[in-house]
Novice: 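Can you read through this structure? Questions will come right after.
Along the sequence shown, the residues carry numbers beginning at 1.
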Amino acid sequence: LPPPSPLFMCSGTMAKGMKCSPPGDVVEPPSPGSPSPSFVGALSRRHPAASSESASRASSPASRREDRNLTSTSMLSSMQAEASQSSLNVSNFRARHQETSAWLRLAEDERKVGVRLIDWLSGLKEPEHEGLLPRLVGSAWFNRICLMMILLNGAFSVYDTNMTVHALSDRGDQFVLTLDRCFLAWYVFELLCKLAVHKCWFFVNEEYRWNLLDFLLVCCGVLEIALEGMMVDVMFMRCLRLLRITKVLRLFRAVRFLTELRLVLHCVLGSITSLLWASLLLALVLMMFALVFVQGVAGHIIDSPDLPQAQVEDMLRGFGSVQSCMLILFQSATGGVDWFEPYEQVLKSGWTYGIGFIFYIVFFTFSVCNIVTSVFIDKAMQLARPDIEEVMMQKRRSNMQMAHELKRMIEKMSVDKDDSEFITLAEFQQMAMDPSMKILLEHHGLCISDATMFFKMLMDIKQSSGLRVSDFVDRCVHMKGAASSVDLLMINYGITALRESVEKSLNDLRCHIRVETV
């Protein structure tokens with residue numbers, strides 16, 4: 001606040017509502033209807049114009065009343081404006097608060113819906129397969145029929161495309177349309193059967209990608225039939241052709257039934273990332289050499305203004321820009337063009353550029369191509385490794401094959417023709433002396449140096465004088481291969497448990513003997 005005026009230094013007189021005057025003047029009390037000096041000071045600070053006008057007309061009581069009314073009116077208007085502004089601010093704050101609350105409630109609802117969806121998807125399980133339809137869908141014959149229909153549909157697509165090219169019309173004959181409807185009806189029937197068996201598990205199981213592809217292809221086929229009856233225009237025909245192209249994707253459905261083809265496709269798709277990096281490397285190498293050759297050709301043309309126009313145009317045809325030079329270099333290294341022709345054009349710019357071109361051919365052919373090929377081979381080898389399920393299946397097949405060969409060999413070499421279900425020690429000793437039996441056991445990882453000990457070990461396990469052929473074969477299958485660390489740990493655990501049991505029995509026996517002695 002500014003410093004007070006010398007005319008208003010009497011703080012005690014102002015506190016009593018009296019006017020302050022210079023020394024020697026008579027101080028008169030204010031009239032009953034006039035405002036107090038403190039009120040006038042406050043009013044002058046808030047409303048300078050009203051204060052100056054009231055001061056100019058303060059000589060008469062009417063003027064003072066008019067000033068007082070004017071001051072009160074202006075103050076009331078100011079207070080009303082401030083109140084209305086405050087009400088507007090409160091209304092805006094309430095509106096923003098309500099909007100924020102609505103967004104928060106919407107976000108909470110979406111979060112709850114997402115959580116419920118995730119819980120529902122994680123809680124999905126494959127339904128129990130009971131009845132004729134699950135057995136039909138899971139049978140090998142059903143899969144073979146599906147594969148045959150896919151292959152027939154591929155052959156039909158080739159025939160339909162050839163007929164369309166010869167007829168130059170998008171609408172085929174009635175036979176083609178009928179056969180196409182039959183294939184689509186089979187795909188719809190297959191999809192409905194699988195949905196009836198697996199239900200929602202059809203979209204979240206291990207093969208959900210192939211299932212989604214089947215579902216989308218069937219939907220595209222049904223949509224194509226629905227659009228064929230509508231009004232024909234240019235955009236409609238383009239959409240219809242686009243839907244017909246999706247028929248080619250039906251051939252990829254055969255991949256799920258062929259293991260080797262599925263492995264190849266998996267390796268191809270898995271090497272896309274390596275392909276992108278290899279393409280970037282090739283582009284950098286080509287651009288580096290193209291910059292050198294284009295600058296050399298441009299410098300030769302600039303330094304030789306008397307060159308024939310035909311020769312200049314011939315040199316600029318392949319080396320007129322970096323892009324065209326990169327294409328020529330790529331074609332020269334991959335067999336697109338004979339590399340001797342670009343070499344002759346580069347050699348005209350100087351022998352150093354000719355040597356550089358030969359170095360590029362050697363470097364690209366023996367270094368870049370081999371490195372890129374090795375990267376793809378390494379990636380394919382990593383992707384071709386069998387997963388756990390496939391390893392278990394291969395091991396199960398190997399065990400079944402070994403068991404079948406052993407049973408057939410034992411039945412063929414059995415001495416006791418009357419009771420071929422059992423095998424004794426004498427029979428096994430006679431079989432172990434046969435070279436074919438030794439080769440078969442060694443082929444499956446069973447190198448038997450002592451046939452008697454080997455068979456006695458099996459007999460001790462079964463606690464009998466003989467063994468069934470099936471039990472003998474099962475024990476041989478289980479003993480196939482070298483001992484692992486798990487087997488050694490199990491043997492160590494068994495020996496430790498046996499030692500503790502023996503020590504406990506000895507302690508009990510000693511205690512019993514002491515009691516008997518006492």
Novice: Just verifying a value: how many Å separate Gln85 CD and Glu82 CD, rounded to the nearest 0.5 Å?
Specialist: 9.5 Å

Novice: Nearest 0.5 Å, what's the CZ-OG distance between Arg96 and Ser91?
Specialist: 10.5 Å

Novice: If you look at every heavy atom in Val188 and Val222, which pair is closest and at what distance?
Specialist: CG2-CG2, 4.4 Å

Novice: Is there a side-chain contact between Trp277 and Thr273 in this structure, where contact means two heavy atoms from C-beta onward sitting under 4.5 Å apart?
Specialist: yes

Novice: How close do Leu286 and Tyr360 get, heavy atom to heavy atom, and via which atoms?
Specialist: CD2-OH, 3.1 Å

Novice: Nearest 0.5 angstrom please: Ile377 CD1 to Ser274 OG, how far?
Specialist: 12.0 Å

Novice: Decide side chain to side chain contact (heavy atoms under 4.5 Å, CB included) for Tyr353 and Val292; before the verdict, give the C-alpha distance in whole Å, the side-chain angles of both, and the deciding distance to 0.1 Å.
Specialist: CA-CA 8 Å; Tyr353 292 101; Val292 175; 4.1 Å; yes

Novice: With the side chain counted from C-beta on, respond yes when Ser321 and Val294 share a heavy-atom pair under 4.5 Å apart, and no when they do not.
Specialist: no

Novice: Does Ser78 use its side chain to pair, donor to acceptor, with the backbone of Ser74 at less than 3.5 Å?
Specialist: no

Novice: Between Tyr187 and Asn153, do the side chains contain an N or O donor and an N or O acceptor separated by less than 3.5 Å?
Specialist: yes

Novice: For Met326 and Ala290, work out which heavy atoms get closest and say how close.
Specialist: CG-CB, 3.6 Å

Novice: Mind checking whether Phe363 and Val285 have side chains closer than 4.5 Å, heavy atoms only?
Specialist: yes

Novice: Would you indicate whether the side-chain heavy atoms of Phe357 and Leu329 approach each other to under 4.5 Å?
Specialist: yes

Novice: Please work out whether the ring planes of Phe289 and Phe359 are parallel, tilted or perpendicular, with thresholds of 30° and 60°.
Specialist: tilted

Novice: Do Phe319 and Pro342 have side chains that get closer than 4.5 Å, going by heavy atoms?
Specialist: yes

Novice: With a 3.5 Å distance limit and no angle check, can you tell me whether Asp378 reaches the backbone of Ser374 through a side-chain donor-acceptor pair?
Specialist: no

Novice: Please report the closest heavy-atom contact between Phe376 and Leu275, naming both atoms and the distance.
Specialist: CZ-CA, 3.5 Å

Novice: Under a 4.0 Å threshold between the charged nitrogen and the carboxylate oxygen, would Glu190 count as salt-bridged to Lys194?
Specialist: yes

Novice: Taking all non-hydrogen atoms of both residues, which atom of Leu133 and which atom of Ala196 are closest, and how far apart?
Specialist: CD2-CB, 3.8 Å

Novice: Verify whether the ring centers belonging to Phe189 and Trp186 lie closer than 6.0 Å.
Specialist: yes

Novice: Going through the checks in order, is the side chain to side chain contact (heavy atoms under 4.5 Å, CB included) test met by Met287 and Leu284?
Specialist: CA-CA 5 Å; Met287 185 179 67; Leu284 292 177; 4.3 Å; yes

Novice: Can you check whether Ile328 reaches Gln331 side chain to side chain, under 4.5 Å on heavy atoms?
Specialist: yes

Novice: Inspect the surroundings of CE in Met400 and state if more than 12 heavy atoms from other residues, nucleotides or ligands are less than 6.0 Å away.
Specialist: no

Novice: How about Leu136 and Cys193: do any of their side-chain heavy atoms sit closer than 4.5 Å?
Specialist: no

Novice: About how many Å separate CD of Gln382 and OG of Ser271, when rounded to the nearest 0.5 Å?
Specialist: 11.5 Å

Novice: Check whether any side-chain N or O of Ser501 sits under 3.5 Å from a backbone N or O of Ala497 as a donor-acceptor pair, and report yes or no.
Specialist: no

Novice: Do Phe202 and Leu212 touch side chain to side chain, with heavy atoms closer than 4.5 Å?
Specialist: no

Novice: Nearest 0.5 Å please: distance from the NE2 atom of His97 over to the OG1 atom of Thr100.
Specialist: 8.0 Å

Novice: What's the shortest heavy-atom distance between Val372 and Leu281, and which atoms?
Specialist: CG2-CD2, 4.5 Å

Novice: What's the spacing between Trp141 CH2 and Cys146 SG if we round to 0.5 Å?
Specialist: 13.5 Å

Novice: Anything under 30° is parallel, anything over 60° is perpendicular, the rest tilted; go ahead and classify Phe330 against Phe364.
Specialist: perpendicular

Novice: Please confirm whether the ring centroid of Phe215 lies under 6.0 Å from the ring centroid of Phe203.
Specialist: yes

Novice: Per the side-chain contact (heavy atoms from CB on, under 4.5 Å) rule, which among Val113, Val115, Asp109 passes with Arg111?
Specialist: Val115

